[in-house]
Amino acid sequence: MFQRPSIDENSESIVNLDDLPMTIKSSERNFARRVDLTSLQLFVAVCELGSIGKAAEREFIAASAVSKRISDLEATLSTPLLYRHARGVDLTPAGESLLHHARSVLFSLEKMQGELSEYAGGVRGHVRVHASVSAIVQFLPEDLGAFIQKHSEVKIDLEEHLSTEVIRAVQEGAADLGICNTTSGASNLQTLSYKTDQLVLIVPVDHVLLAHDAIKFEDALDFDQVGLHANSSIYLAIRQAAASVGRTIKLRIHVTGLDAMCRMIQNGLGVGVMPRRAFELLHGVGNLRAITLTDVWATRKIDLVARDFSTLPVTARLLVKHLTAAATI
């Protein structure tokens, strides 16, 4: 179990709580000092098992000690956390709230412990990256693979998200680095150019629109559409393009992946818009063709996004340097 370290208020190496903003009340400081991780772990155990006795057995501690810990928590919060009865315990509304936060705190600590243990095992860097599906399918496998070959000691956690979610993750600190289309707004973040992609219209091999080498998207509005997720940057772009000419999209179905879009189009459910390179990489999905879109918005920038590139950890800055060196127009 984790043990809260003691605080030496006379030490200059530790921030004095009295120097923090006055918005942090004395009661809040006392709460932070008095709630220890062992009590939170025991509280969660009681909630999960519905019994102080069962929690004591699982945690190899006396039931009276568990009960005392819970009582101390209630005294600190000045509110009951449990309804005690003959069959065990139930949560009060305050207890439900504390359970949510306690689990979050303990999960974060477990994640921290896991990440730090990797350093002891030889991993000397850790970069959290969130990226859009377009970036992941088209560019990142090769670029990240080349980076890992040079820096095998660095671990990269890569998660796929919508562009709007990538930006939010960087804003909230859930990701060190974001890679996505920034049309949806990243005004309070720093960006660096990474790649450019070209959106095309995907149609079956016998489609009437194949009489043209290139078209404007509005020429496709008479046909059913297979769209990506409603909040994806591509779907938002085609919806705005339709609205700009006073039309609406004849949406047949939403899908969550580019391969699923190709399969739907292959089976006659409509036409769809995706990046050209992604379509070329999915060449085995169906008997389909790509038609160039001449709209200005069909040429898109994919950017690297961070709150402040200069303050990123060293390993994250190494990755940024590698990706910007690999940038192409």
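The analysis underlying the following values was restricted to heavy atoms, covering all of them including side chains, and did not include hydrogens, waters or symmetry mates.
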D222 vs R247, salt bridge (Lys or Arg N to Asp or Glu O under 4.0 Å): CA-CA, chis, key distance, verdict: CA-CA 10 Å; D222 290 333; R247 303 280 299 277; 2.8 Å; yes
Do we see a donor-acceptor contact under 3.5 Å between the side chains of S233 and R300? yes
Is a donor on one side and an acceptor on the other found under 3.5 Å between the side chain of D295 and the backbone of W297? no
Cluster question for you: counting only ILVMFWY and a side-chain heavy-atom cut-off of under 4.5 Å, with indirect links fine, are V245 and L199 together? yes
From L40 atom CG to S104 atom OG, the distance as rounded to the nearest 0.5 Å: 11.0 Å
How about D213: does its CG atom have over 12 heavy atoms from other parts shown lying under 6.0 Å from it? no
Let me confirm one number: the CD-CD distance from E172 to E165, rounded to the nearest 0.5 Å. 10.5 Å
Kindly say whether Q149 contributes a backbone atom to a donor-acceptor pair with the side chain of S152 at under 3.5 angstrom? no
Atom CD of Q240: over 12 foreign heavy atoms under 6.0 Å: no
For the student: nearest non-hydrogen atoms of V166 and G178, plus distance: CG1-CA, 3.6 Å
Test log, rule side-chain contact (heavy atoms from CB on, under 4.5 Å), inputs L192 and D303: CA-CA 6 Å; L192 292 171; D303 294 326; over 6 Å; no
Would you tell me whether H322 and D143 have side-chain atoms, one donor and one acceptor, within less than 3.5 Å of each other? no
In this structure, would V44 and L42 fall into the same cluster of hydrophobic residues linked by side-chain contacts under 4.5 Å? yes
Got more than 12 heavy atoms from elsewhere within 6.0 Å of NZ, K250? yes
Can you find a side-chain donor-acceptor pair between N231 and T164 that sits under 3.5 Å? no
Should I215 and L293 be marked as a side-chain contact (heavy atoms from CB on, under 4.5 Å) after you check the CA-CA gap, both sets of side-chain angles, and the distance that decides it? CA-CA 5 Å; I215 61 171; L293 292 174; 4.0 Å; yes
According to a 4.5 Å side-chain heavy-atom criterion applied to Ile, Leu, Val, Met, Phe, Trp and Tyr, with indirect links allowed, do V129 and V314 form part of one hydrophobic cluster? no
Taking the side chain from R128 and the backbone from G173, do they hold a donor-acceptor pair closer than 3.5 Å? yes
Heavy atoms only: give me the nearest A131-L158 pair and the separation to one decimal. CB-CD1, 4.0 Å
Is D72 salt-bridged to K68, cutoff N-O under 4.0 Å? yes
A45 and E59 have their tightest heavy-atom pair at CB-OE2, 3.9 Å
Could you go step by step and tell me if S163 and L236 meet the side-chain contact (heavy atoms from CB on, under 4.5 Å) rule? CA-CA 11 Å; S163 291; L236 292 174; over 6 Å; no
